[in-house]
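Right, one structure below, let's go through it.
Indexing begins at 1, ligand by ligand and atom by atom, following the structure's order.
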Amino acid sequence: MAPRSASFAHRHLVGIADLDAADIGVVLDLADRHQAIAAEPVKKLATLRGKTVINLFFENSTRTRTSFEIAAKRLSADAVNISPSTSSAAKGETLLDTAKNLDAMGPDVVVVRHAMGGAPHLLAKTLRCAVVNAGDGQHEHPTQALLDAATMRRAKGKIDGLEVAIVGDLAHSRVARSNLLCLTKLGARVRLCAPWTLLPPGLTELGGDLTRARSRVTTKLEDALDGADVVMMLRVQHERTAGEAPRFANPREFSKTYGLSARTLAYAKPDAIVMHPGPINRGVELAPDVADSGRAVILEQVSWGVAVRMAVLELLAGDVAGVAAA
Ligand code: NCD
């Protein structure tokens with residue numbers, strides 16, 4: 001099938017790895033327009049009228065699932081939500097069979113979240129409809145990186161040249177991987193910070209020469225924060241290490257060494273912003289007074305999530321060649 005739009009020549013959004021800086025710019029520019037609609041009394045566009053978006057979430061989600069649903073509805077698409085407990089996955093059906101059956105109902109987009117890295121890629125190869133990755137295991141979470149980029153661009157005016165610290169459970173974070181790829185493509189430099197036990201080898205190699213040149217690893221929080229423009233904190237993903245030996249002594253010790261507090265935030269630039277994809281574990285990776293301070297843009301991230309997902313759905317299911325080029 002031919003690409004949907006001349007300015008965004010992709011049928012699916014599986015990972016930031018597949019996008020270049022120009023593609024990311026198209027999404028962010030379209031999201032800028034959609035962000036304005038949140039302030040309108042009638043938050044509705046006709047762009048995807050008659051289209052169907054299925055949210056197929058096999059892992060828990062609050063922000064991502066809801067914002068995809070709101071995004072679809074704001075574009076007048078019909079949105080259907082499916083979770084494993086209410087689907088035949090609970091009866092032993094494979095992911096591919098479930099997805100093929102949904103595809104047979106003629107949706108335009110399937111948004112999928114799955115614990116298995118590569119699940120969206122598998123669906124994109126098989127289904128007729130467009131596939132959007134809403135988080136696959138420890139691999140990628142492209143719309144999170146795009147909404148993070150939109151938030152940074154609005155707060156800082158640009159992304160090129162920013163110094164971004166990403167701190168926390170890098171071993172299990174698809175958010176960190178997608179952000180590393182996205183930010184380095186847009187010209188930022190990334191400091192990756194975690195204890196050795198949560199730091200996968202080769203992370204800076206993820207995007208080849210580009211990430212090798214524009215990212216570095218440190219196990220010292222103060223080093224990661226020193227002079228940073230943006231501090232992105234990540235939750236420890238205990239659900240991915242169930243049954244394994246603990247990676248650190250206890251949450252208090254983790255918080256003391258890697259938690260962002262008013263004291264440690266002082267190492268960053270005075271106007272540095274604090275980000276978190278959510279859900280926050282208050283008092284572990286992020287002190288409540290910092291999470292609730294004017295430095296945090298965490299709820300702005302959530303609001304950009306709707307605008308960015310509207311942009312992605314529109315680019316994959318709508319006809320926006322003219323809109324994006326205008
Ligand atoms: C993240 C995820 O699911 O990868 N959350 C999100 O999408 N907002 C991060 C996390 O669960 O810690």
Side-chain angles (χ1 to χ4, degrees), residues 13-17 27 31 55-71 81 83-84 111-121 132-152 164-183 192-195 198-200 203 206 230-242 247-248 251 254-255 258-260 274-286 291 296-310 312-313:
L13 178 59
V14 170
I16 298 291
V27 177
N55 284 324
L56 179 58
F57 277 58
F58 291 91
E59 281 191 326
N60 295 342
S61 175
T62 303
R63 282 148 288 266
T64 308
R65 200 200 54 74
T66 310
S67 61
F68 267 113
E69 182 178 353
I70 292 176
N81 296 313
S83 56
V111 179
V112 62
R113 169 170 285 194
H114 201 280
M116 182 179 77
H121 187 248
V132 178
N133 179 3
D136 61 329
Q138 296 156 207
H139 177 225
E140 277 228 45
H141 191 350
T143 57
Q144 180 69 42
L146 292 167
L147 74 89
D148 290 338
T151 309
M152 282 181 224
V164 182
I166 305 181
V167 182
D169 183 356
L170 300 174
H172 304 106
S173 179
R174 52 199 178 201
V175 175
R177 283 168 182 74
S178 287
N179 262 292
L180 174 62
L181 293 171
C182 187
L183 290 167
L192 299 158
C193 178
L198 291 172
L199 198 51
L203 191 54
L206 193 68
V230 177
V231 184
M232 185 182 294
M233 301 304 296
L234 301 172
R235 179 179 68 92
V236 176
Q237 305 208 351
H238 296 287
E239 72 272 24
R240 303 204 190 278
T241 53
R247 309 283 179 116
F248 50 89
F254 182 86
S255 167
Y258 290 99
L260 190 69
V274 175
M275 303 179 70
H276 195 301
I280 299 171
N281 283 167
R282 283 177 175 258
V284 183
E285 73 275 9
L286 192 54
V297 293
I298 297 165
L299 295 178
E300 282 89 333
Q301 289 173 263
V302 177
S303 133
W304 277 104
V306 176
V308 160
R309 287 167 179 135
M310 286 174 78
V312 167
L313 293 177

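- Distance alone, capped at 3.5 Å, places no donor-acceptor pair between the R235 side chain and the E285 backbone.
- Under a cutoff of 6.0 Å and an axis angle of 45°, R113 and F57 do not form a cation-pi pair.
- Side-chain N or O atoms of S178 include none that pairs as donor or acceptor with a backbone N or O of E140 at under 3.5 Å.
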Next on the checklist: Would R247 and T241 count as a side-chain hydrogen bond (donor to acceptor under 3.5 Å, both in side chains) here? Give the steps.
Outcome noted: CA-CA 9 Å; R247 309 283 179 116; T241 53; 5.6 Å; no
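- Separating the CG atom in N55 from the CZ atom in R65 is a distance of 6.5 Å, to the nearest 0.5 Å.
- Sorted by chain and number, the residues within 4.0 Å of ligand 1 by heavy atom are R63, T64, R113, H141, Q144, R174, V175, R235, Q237, P277, G278, P279.
- With hydrogens and angles disregarded, no donor-acceptor distance shorter than 3.5 Å links the side chain of N133 to the backbone of G15.
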